[in-house]
> 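Take a look at this one; I'll ask things after.
Note that ligands are numbered from 1 as they come in the structure, with each ligand's atoms numbered from 1 the same way.
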Amino acid sequence: MSALGTLSTTSTSATSSTTPPVTPPDTLDLNNIQGDILSGLPKKTQLYIFFQIVDVTKFRADLARFVPLVKTVAGVLKDRQLIKEHKKKGHKTLIPLVGVNIAFSHLGFVKLGIDDSSLGPATDPFIIGQFKDSVQNLGDAGTQTASGLVPNWDPAFVQPLHGVILISGESHETLQKKKLEIECIFGVRTIQPSIFQVTSLRGDVRPGAESGHEHFGFLDGISNPAVIGFDKDPNPGPVSVNPGVIVTGYTGDPSQATRASWAVDGSFLVFRYLFQQVPEFNDFLRKNPIAFQDLTPEEGSDLLGARLVGRWKSGAPIDLSPFKNDPVLAVDPKRNNDFKFEGEINSQFRCPFAAHVRKTNPRNDLEALPPPVGPISVQKNRIMRRGVQFGPELTKEEKKTAKTECGRGLLFACYQTSITNGFQFLQKTWANNPKFPIGQTQPEEPGLDPLIGQGVRSMSGTDPNNEEKVISGMPDFIIPRGGEYFFSPSLKGLRETLASPPVTA
Ligand code: N7H
């Protein structure tokens with residue numbers, strides 16, 4: 001029961017009798033919200049350019065010229081329509097399309113002299129920054145130094161970052177062209193630049209049949225929250241969230257009443273540089289096949305993988321298809337997210353409690369809890385994920401030795417209006433907490449999220465023959481190597497508060 005002690009017990013649930021009366025949805029200003037937040041910039045490839053502001057006055061003037069490049073949600077919707085029409089005409093080629101967004105860290109606002117107190121109190125993760133939060137709350141491994149515990153991160157992310165520019169597109173050429181244009185705006189490589197590029201990272205959708213699959217091989221990007229007032233016809237699945245869970249200033253934003261006007265129509269962007277130990281993950285599955293019914297060892301390894309994630313590599317949820325992959329279910333958007341771990345509150349026969357998708361979206365595990373503890377809505381804890389893979393495919397050598405030689409992983413990104421309720425909560429209170437989700441009567445602890453959990457890595461429930469059996473000493477499959485918390489302002493905020501007004505003659 002202790003894990004639930006950290007959760008609010010007062011929120012309402014879609015499944016509870018306390019569901020509030022229906023009110024008309026907020027009208028979202030799609031021309032004012034940056035495109036990645038609600039609709040995801042279309043991408044085959046994406047650049048993240050992390051920068052420091054070195055000349056504030058020039059930066060503010062340069063930003064005024066940069067803002068017209070920023071793609072809004074309305075802009076992305078147009079692009080998606082173009083892609084649809086292009087495909088409908090039978091074209092196999094990709095249309096050259098580019099999407100640019102920008103976001104700032106707390107240090108960036110400080111550097112610009114902008115009061116960002118309406119984004120959060122001094123204790124908010126956004127204000128503290130991810131460097132400190134990583135060892136204090138996220139569980140990232142660190143090293144004790146004279147100045148305290150510091151995370152074992154890539155040196156680029158140990159430096160202060162003021163902001164990040166995102167460029168998405170269909171090809172490296174398109175990205176490179178846009179990058180050069182942006183570098184010219186900010187005077188990069190001139191004698192008077194306004195920004196210094198600390199580092200830039202490129203992510204790429206994986207090739208061929210692996211497109212859409214992350215490096216362990218699982219289809220990703222299936223379950224993101226449907227947003228009331230934006231997603232008009234959501235697919236069956238978890239209840240839609242209030243717009244203010246993702247976009248500041250709307251119903252559901254916990255700080256709706258106190259946001260400064262420039263901070264409305266924005267969202268917090270959490271970026272994490274996550275390395276994946278793919279050969280080691282594959283080796284672990286190979287060496288620990290689940291002996292169940294008449295499965296071959298290879299099928300037993302696939303089942304173990306599916307039980308660590310909560311979905312088969314195809315994307316089919318194991319809650320609906322527990323012991324056999326179902327490729328038809330996997331690609332059916334009307335069914336592949338329509339499950340709740342219903343009837344399994346005390347059981348991990350079909351899906352382990354610690355499986356990645358159950359840890360990060362426990363659905364009915366909390367919503368169906370009886371009073372006085374439940375029901376607990378997970379609405380306020382949903383995040384909008386926008387990641388992209390980085391690094392090469394496995395080499396022959398890596399397959400042979402089962403040892404990672406080349407860095408690869410996920411440029412993890414997600415949006416929310418509260419990092420405390422969103423990303424940080426998922427990582428700290430759910431993924432890293434061996435007792436979560438609990439509140440049931442089963443004797444075994446769920447253990448850590450086997451993918452992203454940081455700490456003593458063990459979990460129960462991988463073996464449907466013996467749900468109490470614990471796998472311990474699991475190797476690290478995902479290693480955090482950097483990141484930062486950013487805020488992605490509205491177009492109006494960028495134009496009127498961050499940029500300097502255009503000089504009139
Ligand atoms: Fe996860 N993976 O490939 O195994 N994730 N994730 N994630 N994740 C999901 O439903 C993965 C990470 C969430 O609503 C799927 O779209 C990898 C972090 C949430 O059912 C797969 C990494 C956090 C969901 C993966 C990684 C989350 C989710 C299933 C890092 C937050 C939706 C596909 C390298 C702290 C849950 C899908 C729901 C799904 C993988 C990171 C959160 C396959 C490889 C850091 C909320």
> Taking the six-membered ring for Trp, are Phe126 and Phe268 ring centroids under 6.0 Å apart?
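Under 6.0 Å, so yes.
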> Would you say Asn337 and ligand 1 have an N/O pair spaced under 3.5 Å apart?
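Between Asn337 and ligand 1 (N or O atoms, distance only) the closest approach is not under 3.5 Å.
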> Kindly indicate whether the side chain of Thr199, heavy atoms from C-beta on, has any atom under 4.5 Å from the side chain of Tyr48.
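Side chain of Thr199 against side chain of Tyr48, heavy atoms only: no contact under 4.5 Å found.
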> Measure the acute angle between the ring planes of Tyr273 and Phe390, then classify it against the limits of 30° and 60° as parallel, tilted or perpendicular.
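If you compare the ring of Tyr273 with that of Phe390, the planes turn out tilted.
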> Measuring only between side-chain heavy atoms, which start at C-beta, is Pro238 closer than 4.5 Å to Asn337?
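When only atoms from C-beta onward are counted, Asn337 and Pro238 do touch, with a gap below 4.5 Å.
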> Just let me know how Ile222 lines up against ligand 1, side chain, backbone, both or neither, with a heavy-atom cut-off below 4.0 Å.
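Both parts.
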> Using a plain distance cutoff, I'd like to know if Gln276 has any nitrogen or oxygen under 3.5 Å from a nitrogen or oxygen of ligand 1.
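No: no nitrogen or oxygen of Gln276 is under 3.5 Å from one in ligand 1.
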> Taking 4.0 Å as the limit for heavy-atom contacts, which would you say applies to Arg272 with ligand 1: side chain only, backbone only, both, or neither?
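It is neither; nothing of Arg272 touches ligand 1.
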> Where's the contact between Leu219 and ligand 1, heavy-atom distance under 4.0 Å: side chain, backbone, both or neither?
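Just the backbone.
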> Under 4.0 Å, heavy-atom basis, I'd like to know which part of His215 is in contact with ligand 1: side chain, backbone, both or neither.
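No part of His215 is near ligand 1 at this cut-off.
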> Quick check: Ile452 and ligand 1, any N/O pair under 3.5 Å apart?
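Between Ile452 and ligand 1, no N or O pair is found under 3.5 Å apart.
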> Closest non-hydrogen protein atom to atom 20 (O) of ligand 1, residue and atom name please, with distance?
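Of the protein heavy atoms, Arg363 NH2, 2.7 Å lies nearest.
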> Please report whether the ring centroid of Phe271 lies less than 6.0 Å from that of Phe412.
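So the answer is no for these two rings.
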> Are more than 12 heavy atoms, taken from residues, nucleotides or ligands other than Lys287, located less than 6.0 Å from that residue's NZ atom?
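Not buried by this count: 12 neighbours or fewer within 6.0 Å.
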> If the condition is side-chain contact (heavy atoms from CB on, under 4.5 Å), which residues does Ser314 pass it with, not counting sequence neighbours?
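Ser314 satisfies side-chain contact (heavy atoms from CB on, under 4.5 Å) with Trp312, Ala316, Asn325, Ala330 once adjacent residues are dropped.
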> Quick one: nearest non-hydrogen protein atom to atom 39 (C) of ligand 1, plus distance?
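Nearest protein contact, heavy atoms only, for atom 39 (C) of ligand 1 is Arg385 NH1, 3.3 Å.
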> Would you mind telling me which of Glu398, Glu393, Glu214, Glu280 makes a salt bridge (charged side-chain N to carboxylate O under 4.0 Å, His left out) with Arg408?
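Option passing the salt bridge (charged side-chain N to carboxylate O under 4.0 Å, His left out) with Arg408: Glu398.
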> May I ask you to check if ligand 1 and His356 share an N or O to N or O distance below 3.5 Å?
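Yes: some nitrogen or oxygen of His356 is under 3.5 Å from one in ligand 1.
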> Side chain, backbone, both or neither: which part of Thr360 has a heavy atom under 4.0 Å from ligand 1?
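It is both backbone and side chain that touch ligand 1.
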